[in-house]
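Before any comments, here is the structure.
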Amino acid sequence: MEPLKNAILIAGPTASGKSALAIRLAQKHDGIIVNTDSMQVYSVLRLLTARPSDADMDMVPHRLYGHVPPSASYSTGEWARAVEQLIRGGEFIGRTPIFVGGTGLYFRALTQGLSSMPEVAPEIRQRWRDRLQEEGPACLHALLIQRDPAAAAAIRPGDGQRIVRALEVEEASGKPISWWQTKRGNPLVDAESARKIVLEPERPLLAQRISDRFDGMVAGGALDEVDEMAKLDLDPTLPAMKAIGVRELMQYRHGALSLDEAVEQAKTLTRQYAKRQSTWFRTQLDDSWLRIRDANELPD
């Protein structure tokens, strides 16, 4: 399969204005917008993951938004395979593919290809998830240091999801995940012909946008989304359960926090997340990416 030519890639931290820019460029260039954010794949959490609204999605075609149940643990590999299916299905023939989101690993998969990973049996996956629940991420990270020091060095001790992924791959295949990560696949997008953009708003402006947006989420029905998630009685280690705002608003529903406390905690976590995203994009994306403070700086 040939990589997509002349794609548009729009990266940036949460609340930086990526989606609005994508819609503008899609209208100008007859584009199809493809979600490139690991949380916006999940159903139920439209507001709390800041997925495009129905009105936005009616303006131009959108793909890979809200198509995964929150009970699933969706990987970068599954997302890349879904993009490949869109390409093979002819979705972009005569159209401009516009990839927009905040997940750096998705953009890396697009432009550099993805490591080929082995299949992991469900019983192995569940066993490690159970151990994460019982022992906590720090304990499993210590185990990963022994089994795969290279992977452990690249994963934060609190990132239980990635720690478990590394341990299950090592058990299933007999080879560490760091070995598999060196086996790159083929890129999905031709990086040379792509128009690559990173939005980098000034920090005070981004913080205000984050605050205003979360207030709008709560006013718009975020608590209903949290109530729906609670009814599903999901494993708290699942990625969808870690969406910012879910845990905090659940604590409000259980009486552990006031609404103001829950909202302020969620805003703080969102600002911290945005800072991590900005750092990743600053250090991992090369000079071929155009960096702008505001979407209005970009000519169509």
Side-chain angles (χ1 to χ4, degrees), residues 10-24 33 35-60 62 65-66 68 70 100-104 198-232 234 236 238-281 292-298:
I10 305 172
T14 187
S16 58
K18 302 183 298 295
S19 295
L21 176 58
I23 289 173
R24 189 179 104 201
I33 295 173
N35 172 37
T36 315
D37 188 283
S38 63
M39 299 309 291
Q40 291 184 343
V41 301
Y42 293 107
S43 62
V44 180
L45 297 174
R46 162 162 282 183
L47 289 167
L48 285 175
T49 63
R51 281 188 1 232
S53 67
D54 287 337
D56 290 337
M57 297 182 82
D58 286 341
M59 289 185 194
V60 294
H62 286 67
Y65 287 90
V68 179
V100 57
T103 300
V198 185
L199 281 170
E200 299 178 329
E202 296 286 355
R203 188 171 295 179
L205 174 60
L206 188 61
Q208 187 60 55
R209 286 181 179 174
I210 287 169
S211 179
D212 292 345
R213 188 180 69 177
F214 200 85
D215 287 340
M217 290 174 176
V218 174
L223 283 165
D224 293 335
E225 292 185 348
V226 167
D227 292 341
E228 190 171 345
M229 291 287 285
K231 291 176 185 176
L232 297 174
L234 299 174
L238 285 167
M241 289 294 288
K242 295 182 179 180
I244 296 173
V246 171
R247 178 175 178 272
E248 293 72 33
L249 293 178
M250 280 186 176
Q251 287 182 310
Y252 161 65
R253 285 300 204 206
H254 295 153
L257 294 174
S258 69
L259 182 57
D260 286 345
E261 289 171 333
V263 167
E264 191 52 46
Q265 284 189 18
K267 290 178 180 180
T268 298
L269 288 170
T270 307
R271 290 193 297 270
Q272 293 170 348
Y273 175 56
K275 183 178 180 180
R276 292 195 301 273
Q277 288 178 298
S278 297
T279 298
W280 198 97
F281 292 129
I292 58 175
R293 292 294 186 189
D294 190 280
N296 293 322
E297 297 176 18
L298 185 76

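Between Tyr42 and Thr49, the closest side-chain pair of non-hydrogen atoms is not below 4.5 Å. By the 4.5 Å heavy-atom criterion applied to side chains, Arg276 and Thr279 are not counted as neighbours. Residues Leu48 and Met229 form no side-chain contact, since every pair of their non-hydrogen atoms from C-beta on lies 4.5 Å or further apart.
One distance of note links CZ of Phe214 with OG1 of Thr270; it measures 6.5 Å at 0.5 Å rounding. Residue Lys275 holds its NZ atom at 12.5 Å from CG of Leu206, rounded to the nearest 0.5 Å. Distance check: Glu264 CD to Leu269 CG gives 10.0 Å after rounding to the nearest 0.5 Å. Here the CD atom belonging to Gln40 is positioned 9.0 Å from the NE2 atom belonging to His62, to the nearest 0.5 angstrom. To the nearest 0.5 Å, atom CZ of residue Arg209 and atom CG of residue Leu205 are 4.0 Å apart. Rounding to the nearest 0.5 Å gives a distance of 11.0 Å between CG of Leu232 and CG of Asp227.
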message = Between Arg271 and Thr268, does the side-chain hydrogen bond (donor to acceptor under 3.5 Å, both in side chains) criterion hold? Intermediate values first, please.
response = CA-CA 5 Å; Arg271 290 193 297 270; Thr268 298; 3.1 Å; yes
task = Under the salt bridge (Lys or Arg N to Asp or Glu O under 4.0 Å) rule, what do Asp37 and Arg51 come out as? Steps first, then yes or no, please.
result = CA-CA 9 Å; Asp37 188 283; Arg51 281 188 1 232; over 6 Å; no
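Scanning all heavy atoms of the two residues, the minimum distance from Leu47 to Met217 falls at O-CE, 3.0 Å. A pairwise comparison of heavy atoms in Val100 and Ser19 identifies CG2-N, 4.3 Å as the closest pair. The minimum heavy-atom distance linking Arg213 with Ala50 is given by the pair NH1-CB, 3.5 Å. Among all heavy-atom pairs drawn from Gln277 and Gly102, the shortest one is NE2-O, 3.0 Å. Residue Ala262 comes nearest to Leu257 through the heavy atom pair CA-CD1, 4.0 Å, listed as atom of the first residue, atom of the second, then distance. Scanning both residues, Asp294 and Leu199, for their nearest heavy atoms gives C-CD2, 3.9 Å.
Between the side chain of Glu200 and the backbone N or O of Ser278, no donor-acceptor pair lies under 3.5 Å. Although no hydrogens or angles enter the test, the distance criterion places a donor-acceptor pair under 3.5 Å between the side chain of Arg24 and the main chain of Ala295. Of the possible donor and acceptor atoms, none in the side chain of Ser38 sits under 3.5 Å from a partner among the backbone N and O of Thr103. A donor-acceptor pair under 3.5 Å is formed between the side chain of Glu225 and the backbone N or O of Arg46. Side chain of Ser211 to backbone of Ala207: no donor-acceptor contact under 3.5 angstrom is found.
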Could you pull out every donor-acceptor pair under 3.5 Å between side chains of residues 239-251 and any protein atom, sequence neighbours left out?
unit_1 : atom_1 : unit_2 : atom_2 : d
Glu248 : OE1    : Gly245 : N      : 2.9

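Sparse packing is recorded around CZ of Arg203, with 12 or fewer heavy atoms of other residues, nucleotides or ligands lying under 6.0 Å away.
For the side chain to side chain contact (heavy atoms under 4.5 Å, CB included) with Tyr252, the lone residue among Leu259, Val263, Val218 that qualifies is Leu259.
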